[in-house]
Amino acid sequence: MKFYNRFVSLFLTVRLVKLTEVPFTSTQNVKMKDVLLKDPIELEEDLKYWKIIPDLLKEAPKQPMQAWWLDGGWTGTEAIFGNEINDPEITAEEPFWLEWKTNNDTFHTMMMVGEYLTEYMGPDPPENKGLLRYVFLVYRQPDKLKFKEKKISSRKDIYRTNFSSKAFADKYNLGKPMAINFFRARFEY
């Protein structure tokens, strides 16, 4: 995985939140970095539209982040604030590219990959549950952290099903997320 920013400590989770009655949006392939141009007002509007606010967050992070997967070869699929990515082969592996604006002298926790408390497990939407939102959150760490969490070994691990991104952020004094992106997926097997 390539990183634009310097990361010392990262963490994995893909937050799963049930979404009801949302319009259909097909997978969009756009030039990389376009998503990073989204201004804070547009970002907040998208999060409210897709009910990330208030279902998961009380307020919008100030900036977007980018998550981009290779489709085989050098073409890619990007998470674009609510687009559908229903091909499990694309998201089965962790994203090839992750990016957000930051200072190089700060530590970050990304609820996605890094100091592996659990390996990346791509979306696995249950059958007949409709569209589900998968949210990436980035937090600025107050300092380099030593995580004292149980290692999660599988999708069925009880610690994974009971994981709370808010409780984790509170435990390690991470504050509010500084960057966000998300996509939607449904059962397509």
Side-chain angles (χ1 to χ4, degrees), residues 10-30 32-69 77-88 90-91 94-95 97-102 108-114 118 120-126 128-141 155 160-188:
L10 299 169
F11 173 75
L12 160 68
T13 189
V14 177
R15 178 64 189 231
L16 177 67
V17 182
K18 176 77 171 99
L19 185 62
T20 56
E21 298 184 23
V22 295
F24 176 79
T25 306
S26 63
T27 300
Q28 302 169 23
N29 290 317
V30 298
M32 280 183 58
K33 299 195 186 226
D34 285 355
V35 72
L36 296 176
L37 300 176
K38 186 176 282 289
D39 71 51
I41 293 170
E42 291 175 306
L43 182 59
E44 184 174 26
E45 288 171 356
D46 283 349
L47 296 176
K48 286 180 177 177
Y49 182 79
W50 295 110
K51 297 182 176 86
I52 302 296
I53 297 173
D55 291 353
L56 179 62
L57 300 171
K58 291 181 182 176
E59 60 186 71
K62 301 299 181 211
Q63 64 173 304
M65 58 108 24
Q66 183 177 52
W68 187 72
W69 293 265
T77 298
E78 185 174 7
I80 307 173
F81 299 96
N83 63 318
E84 282 188 48
I85 304 175
N86 289 318
D87 185 342
I90 291 172
T91 56
E94 59 191 55
W97 186 268
L98 299 168
E99 183 175 348
W100 62 87
K101 296 175 188 168
T102 187
H108 295 88
T109 296
M110 185 180 137
M111 303 265 176
M112 181 60 185
V113 289
T118 179
Y120 176 80
M121 296 175 209
D124 187 19
N128 300 318
K129 293 292 182 182
L131 285 169
L132 298 176
R133 297 168 296 179
Y134 294 86
V135 180
F136 301 96
L137 297 171
V138 178
Y139 293 84
R140 185 178 330 249
Q141 292 180 197
R155 210 178 275 287
R160 182 174 182 89
T161 57
N162 294 322
F163 180 81
S164 164
S165 57
K166 182 176 180 346
F168 183 87
D170 289 346
K171 180 178 180 176
Y172 290 100
N173 298 315
L174 297 175
K176 299 174 186 173
M178 62 177 278
I180 190 169
N181 201 336
F182 68 99
F183 65 96
R184 299 174 300 138
R186 69 176 82 224
F187 182 83
E188 290 284 331

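These numbers come from a predicted model, not from an experiment.
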Does atom NZ of K38 have more than 12 heavy-atom neighbours from other groups under 6.0 Å away?
yes
Taking all non-hydrogen atoms of both residues into account, name the closest pair between L57 and P177 and its distance.
CD2-CG, 3.8 Å
Can W100 and Q63 be counted as having a side-chain donor-acceptor contact under 3.5 angstrom?
no
Please find the pair of heavy atoms, one from I53 and one from E44, that lie closest to each other, and give the distance.
CD1-CG, 4.4 Å
Is there a side-chain contact between V138 and P61 (heavy atoms, below 4.5 Å)?
no
Side chains of F182 and I52: closer than 4.5 Å at any heavy-atom pair?
yes
cation_pi(R133, W50) dist<6.0 Å, angle<=45:
no
Might you point out which heavy atoms bring K62 and L43 nearest each other, and give the distance in Å?
C-CD2, 4.1 Å
Under the side chain to side chain donor-acceptor pair (under 3.5 Å) test, residues paired with N173 that sit two or more places apart:
none
Test item: D46 side-chain N/O and G82 main-chain N/O as donor-acceptor pair under 3.5 Å:
no
In terms of heavy-atom contacts, N181 and Q66 come closest through ND2-CA, 4.2 Å
Going by heavy atoms in the side chains, are F168 and L174 under 4.5 Å from each other?
yes
Ring pair (Phe, Tyr, Trp, His ring centres under 6.0 Å) with F183: which of F81, W69, W68?
W69
Could you tell me whether the side chain of T102 reaches within less than 4.5 Å of the side chain of M178, counting heavy atoms only?
yes
Mind checking whether D87 and T77 have side chains closer than 4.5 Å, heavy atoms only?
no
NZ/K48: more than 12 non-hydrogen atoms of other groups inside 6.0 Å
no
G175 versus Y139, closest heavy-atom pair with distance
O-CE2, 3.3 Å
Quick check for you: to the nearest 0.5 Å, what is the distance between Y134 atom OH and T91 atom OG1?
8.0 Å
Does some side-chain heavy atom of S165 sit less than 4.5 Å from a side-chain heavy atom of V135?
no
